[in-house]
Amino acid sequence: MEDVQARVAWLREEIRKHDYQYYVLDQPLISDAEYDRLVRELLELERQHPELVTPDSPTRRVGGEPLPGFRQVRHRVPLLSLDNAFSEAEIRDFHRRVSERVEGEVSYVTELKMDGVSVALVYENGVLVSGATRGDGAVGEDVTANVRTIRSLPLRLRQELPRLEVRGEVYLAKEVFARLNQEREERGERTFANPRNAAAGSLRQLDPRVTAGRSLAVVLYDVLYAEGVTLATQQEVLEFLARVGLPVEPHYRFCPGVEEVLAFCREWQQRRHELAYDIDGVVIKLDSLPARELLGSTVKSPRWAIAYKFPAEEKVTRLLTVEANVGRTGVITPTAILEPVTLAGTVVSRASLHNFDLAREKDIRVGDLVVVHKAGDIIPEVVGPLTESRTGNESELVPPERCPVCGSQVVRFSGEVALRCDNINCPARLVESLVFFASRDAMDIEGLGPALAAQLVEKGMVRNVADLYYLSAEQLAELPRMGKKSAANLVRALEKSKARPLHRLLHALGIRHVGLKSARLLAAHFPDIDLFPGLSREQLTALPEVGEKMAESVMAFFAEPRNLETIERLKAAGVNTREPVAGGVQTGPLAGKVFVLTGTLASMTRAEAGALIESLGGKTSSSVSRRTDYVVAGTDPGSKLQVARELGVTVLGEEEFLRLTGRAGS
Ligand code: IVH
């Protein structure tokens, strides 16, 4: 007996922990099937020992608690949950229970069980007025603003009914889920375990704009309340929903008896992978609504319906090794290399481990037998190891200290789980870095798009962004699909881009967390790139808008020798690395002074000299007039020098200019 008590306590603790992982963190540590096993064992023990049941046992609760932050709404009709069946025998048991209470032939409607989030919607006079999550079944969260962003959901019905309350499921298509997760992985954010968690996370966003970007979808399957409408069967319910313009999952079927129900379950267990969205089973519903009244419900679920859950598609295979892969944005993710197994219709030999923390939390070791499944029916994942079959020859995972592609020191920013390669020239990142470098808000290099960037990297002509400035028109003209003219144009565009102000360059370098706006702010305070390697956390965070994260990534960027080398090569190519002071500013040693440049300077390009003048508060002009304060004359000056002499404007040689700008001797 004591054993039972201990087991019950352990199961409850375990289930609570997994509930938290699942509902709050959206990061389950075990598969649904394993979770179901725990709940079933607890239910069974509680059935055998009713004296052990406590009101706070996880079995007494229907769903997740509403999150703070959303207004709570009490459902007019409680949103019940469903009992589960895991085998044909359990479906037959359900049918037997129903048949005992209902006279005559018992027919059903079978529907695909969408793996999403349950919602209740209210339409008043045909207009959508409310959307709420199920919450604990009695009280949910008001997510009206978010529900309104779902494209497939009409904001107005085709038929103007005084009041209609419906229930359905909000979900994410598999492809959308895969894309969302890929983006999150690239940004070093936690990925969603499955489309349902992704849908829940998206629906419970406090900012509806985020929800809108997630491409949620919805289907409706139940009428909770309909003023002025009489419906007699589930078929009529679904037809009615479709008639008023609401989306309905189209594969439902009328089944005159239990054999047809079983056939439907078998069929979709096979065919589930054909669908664009994830389903986790079949919902079997008594067709006749009056007969449902007769059967009634328990506190938790109706007696007239049951959810047949497909067996989880899991396989056991051997983890051969773990590869560290570098993504386009530098995020390093561990990938499990597996002994190939067939899983949910395809052969799987690689599976994501997401990040090293998670892999360690799950205690996955090389050589382990591991359980694999497909998240959202598409993304192979390692669920966990079978620890009991270890031989002792397994080895723990070691996160790489150096980037496996370029050898740079791996960095990890606080608050992030991802490890990163922060070298912008890492070949794994280079194509994307180049395209970004050349983009409109960055260095604005016309004609340098993804196709050309890929060619340059592939041919080994460009190994870092600075190499761009060392390309000749002749070299470029040799590339396929690149004529002499476009080569010359590109060289011209590159030349033009050299004069961009520092903030564009900072942005172009792709320093994490430094967007165009922050780049402007940084460059305004530190107007020369040479100031950056020496900046301390305090100096950076002293600026408004610069938080810990940005400070950290700026420091990491300028601590990487490869990045500094790139900057030196950019400078050597004549790329400007200074910031003109905004609006020809009133402060700075050269405030209000107008300069004209003529001839060639030995120490810097014209563009650089211009940027330097502007960074100190001065202005440049292309022609000499009485308003000109200084003409800076290099070697081979043009007629401007002549004009200056005639007008009595001060002429500076290069040395004098450098002294005036504080660069002498540099
Ligand atoms: S009927 C009282 N029909 O599955 C009626 N539920 O495991 C209860 N679900 O909470 C729901 N597709 O979120 C029903 N076609 C469908 C469904 C469906 C998905 C979800 C729903 C429910 C859960 C029960």
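Numbers here are sequence positions counted from 1. For ligands, and for the atoms within them, numbers begin at 1 and follow the listed sequence.
- Looking at Arg412 and Asp357, a side-chain N of the basic residue comes within less than 4.0 Å of a carboxylate O on the acidic one, giving a salt bridge.
- Which parts of ligand 1 touch Glu169 is read off a 4.0 Å heavy-atom cut-off, strictly below it: atoms 9 (N), 13 (O), 19 (C), 20 (C), 21 (C).
- The shortest N or O to N or O distance between Arg134 and ligand 1 is not under 3.5 Å.
- Geometric assessment of Arg76 against the ring of Tyr225 yields a positive cation-pi assignment under the 6.0 Å and 45° thresholds.
- In terms of N/O distances under 3.5 Å, ligand 1 is approached by Lys113.
- A salt bridge links Arg204 with Glu141; the closest basic N to acidic carboxylate O contact falls under 4.0 Å.
- In this structure, Pro302 has a heavy atom closer than 4.0 Å to ligand 1.
- Residue-to-ligand polar distances place Met114 within reach of ligand 1: an N/O pair is separated by less than 3.5 Å.
- Aromatic ring pairs are classed by plane angle as parallel below 30°, tilted from 30° to 60° and perpendicular above 60°; the pair Tyr108 and Phe94 is tilted.
- Annotation: atom 8 (C) of ligand 1 to nearest protein heavy atom, Arg167 NH1, 3.5 Å.
- With Tyr123 as the aromatic partner, Arg163 does not meet the cation-pi criteria of under 6.0 angstrom to the ring centre and within 45 degrees of the ring axis.
- Counting the atoms of ligand 1 from 1 in the order shown, those under 4.0 Å from a heavy atom of Lys285 are 1 (S), 3 (N), 14 (C), 16 (C).
- The part of Glu111 lying near ligand 1 is the side chain, judged by heavy-atom distances below 4.0 Å.
- Here Val117 has no heavy atoms under 4.0 Å from ligand 1, in either its backbone or its side chain.
- With respect to atom 17 (C) of ligand 1, the closest heavy atom belonging to the protein is Tyr221 CE2, 3.4 Å.
- Within 6.0 Å of CD on Glu105 lie no more than 12 heavy atoms contributed by other residues, nucleotides or ligands.
- In this structure, CE on Met114 lies 10.5 Å from CG on Leu172, to the nearest 0.5 angstrom.
- For the pair Arg271 and Trp268, the cation-pi criterion (under 6.0 Å, within 45° of the ring axis) is fulfilled.
- Residue contacts with ligand 1: Leu112 is included, with a non-hydrogen atom under 4.0 Å away.
- Residue contacts with ligand 1, taken as heavy atom pairs separated by less than 4.0 Å, do not involve Glu249 at all.
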